[in-house]
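Data block below; observations after.
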Amino acid sequence: MKLKTLKKDEQNVEAQEEEVDVEKLLKMKGKKKNRLYGKRVDSKTQKGRYIKSKLPKDSSGDVAIDATLRAAALSSNGKIKVKTEDLRHKVRKHGAKASIVMLVDISGSMFSDKKANRLKGILHSVIQDTNRHQDRISVVGFKGENAEIIIPTTRRATSFREQIDNIRVGGTTPLAAGMKKSYEILKKEKLKDEFVPLLLILSDGMPNVALEEGPMKDALNVAEKIKAKEIHTIVVNFERSVRYGHEVNMELALAAGGRYYDIEELKDPGRVVSKILDFERENL
């Protein structure tokens, strides 16, 4: 089934303002991490503005010549001679943006027009949000036996609106395949130091297609790899009609060391997911 575009009167109903406290929607918190996202983030490379010096952990690195010479001068009698203990390294700050993979369930469980349009609204809202923050985003959908890249990693996702409108839903729910594809994308993005990898999962939490050991076991195995790579993960439950789905999503978030939000009672999930992303950026 192709995702149907909302009529104007339907859009007005969905756009009604809801007073939402994002922190109350957060049902599971991951481990607190060092600041990774924003304008003044500690750089792990020689990029960024030099703001201060520090004692090095090893002999290699970005040497702060000015601070090293000052340290050497303090321990010298007249003639300055730099010793190993005088070495100082630069502490740099740089601007870091997020590289987001939005993993969405486009299986048969999304078959109704109402569910499909809710999903479409979330996708468009998140794309606008990432464009506003100048983050990178890719969209991965899973259905049938495999996962597919709906939007490749880009900073110009707004130019891919047609791909969202042309999404077709139906088939089984290969959540593990979707997570594996997302993991592969973010593993590469993690190598680019100016981007913070972030996985946003939208699913009803009922996988039924296996890769190797079983639908849920395979998904949890990939989640553990995601945790090991320290990829920030957000699982959002937005469908209340699926039995046990929220429990599965919570288990998934736990295995990934991520955070779990429940927005099943809300009328405007698209706007709320954007608010969740804003809140998460403050905690990246």
Side-chain angles (χ1 to χ4, degrees), residues 28 30-38 41-48 94-106 123 126-127 129-130 133-143 145-157 160 163 173-203 207 209-236 249 251-260 273 276-277 280-281 283-284:
M28 182 186 295
K31 183 180 177 182
K32 183 68 177 175
K33 303 179 180 70
N34 293 330
R35 182 75 175 154
L36 299 174
Y37 182 94
V41 177
D42 287 347
S43 177
K44 297 178 181 178
T45 67
Q46 294 187 16
K47 295 180 180 179
H94 72 135
K97 296 294 183 180
S99 184
I100 301 169
V101 169
M102 191 173 180
L103 178 61
V104 295
D105 184 352
I106 53 173
L123 285 167
V126 170
I127 285 171
D129 179 78
T130 53
H133 285 86
Q134 298 182 315
D135 291 329
R136 289 159 66 88
I137 188 171
S138 55
V139 177
V140 176
F142 58 93
K143 67 175 180 179
E145 298 294 322
N146 298 301
E148 61 183 271
I149 296 176
I150 299 169
I151 297 178
T153 305
T154 180
R155 268 184 166 168
R156 300 177 178 84
F160 289 85
Q163 276 87 330
T173 311
L175 174 60
M179 292 184 65
K180 183 179 179 182
K181 178 75 72 176
S182 303
Y183 172 66
E184 289 167 353
I185 294 171
L186 289 172
K187 193 165 57 170
K188 292 178 181 177
E189 289 295 290
K190 191 174 174 65
L191 298 175
K192 302 169 184 176
D193 293 294
E194 67 269 33
F195 293 104
V196 184
L198 188 154
L199 175 59
L200 174 61
I201 302 174
L202 290 169
S203 173
V209 177
L211 290 175
E212 296 175 354
E213 299 182 52
M216 190 60 193
K217 177 63 175 174
D218 290 338
L220 292 175
N221 287 342
V222 181
E224 288 172 1
K225 292 181 181 179
I226 289 168
K227 181 179 181 179
K229 278 290 181 181
E230 296 184 328
I231 293 171
H232 193 76
T233 303
I234 308 163
V235 181
V236 178
N249 279 333
E251 190 174 353
L252 199 64
L254 182 63
R259 291 150 75 87
Y260 171 80
V273 172
I276 287 172
L277 277 175
E280 288 297 322
R281 286 183 182 96
N283 289 278
L284 273 179

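The figures here come from the full heavy-atom set of this structure, side chains too, leaving out hydrogens, waters and symmetry mates.
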Answer whether the closest heavy-atom distance between the side chains of Ile106 and Phe142 falls below 4.5 Å. no
Those residues that, when tested against Lys188, pass side chain to side chain contact (heavy atoms under 4.5 Å, CB included) (two or more places apart): none
Among residues at least two apart in sequence or on other chains, which ones pass side chain to side chain contact (heavy atoms under 4.5 Å, CB included) with Pro207? Leu175, Pro215, Met216, Val248
Who passes side chain to side chain donor-acceptor pair (under 3.5 Å) against Ser99, sequence neighbours left out? Glu189
Using the test side chain to side chain contact (heavy atoms under 4.5 Å, CB included), find all partners of Ala176 that sit at least two apart in sequence or belong to another chain. Leu211, Asp218, Ala219
Within a strict 4.5 Å, meaning less than it, do heavy atoms of the His232 and Arg259 side chains meet? yes
Taking the side chain as every heavy atom from C-beta outward, state whether Lys225 and Lys187 have any pair of such atoms under 4.5 Å apart. no
Lys190 side chain to Lys229 backbone, donor-acceptor under 3.5 Å: yes
Does the side chain of Leu123 come within less than 4.5 Å of Ile151's, by heavy atoms? no
I need the Ile231 CD1 to Thr233 OG1 distance, nearest 0.5 Å. 6.5 Å
Within the side chain of Asn146, is there an N or O that forms a donor-acceptor pair under 3.5 Å with the backbone of Ala177? no
Partners passing side chain to side chain donor-acceptor pair (under 3.5 Å) against Asn221 (at least two apart in sequence or in another chain): Glu213
For Asp135, which of Arg281, Lys97, Arg156 qualifies under salt bridge (charged side-chain N to carboxylate O under 4.0 Å, His left out)? Arg281
With sequence neighbours left out, write down each residue that passes side chain to side chain donor-acceptor pair (under 3.5 Å) with Thr173, or none if nothing qualifies. Ser107
Is there side-chain contact between Leu220 and Leu252, with at least one heavy-atom pair below 4.5 Å? yes
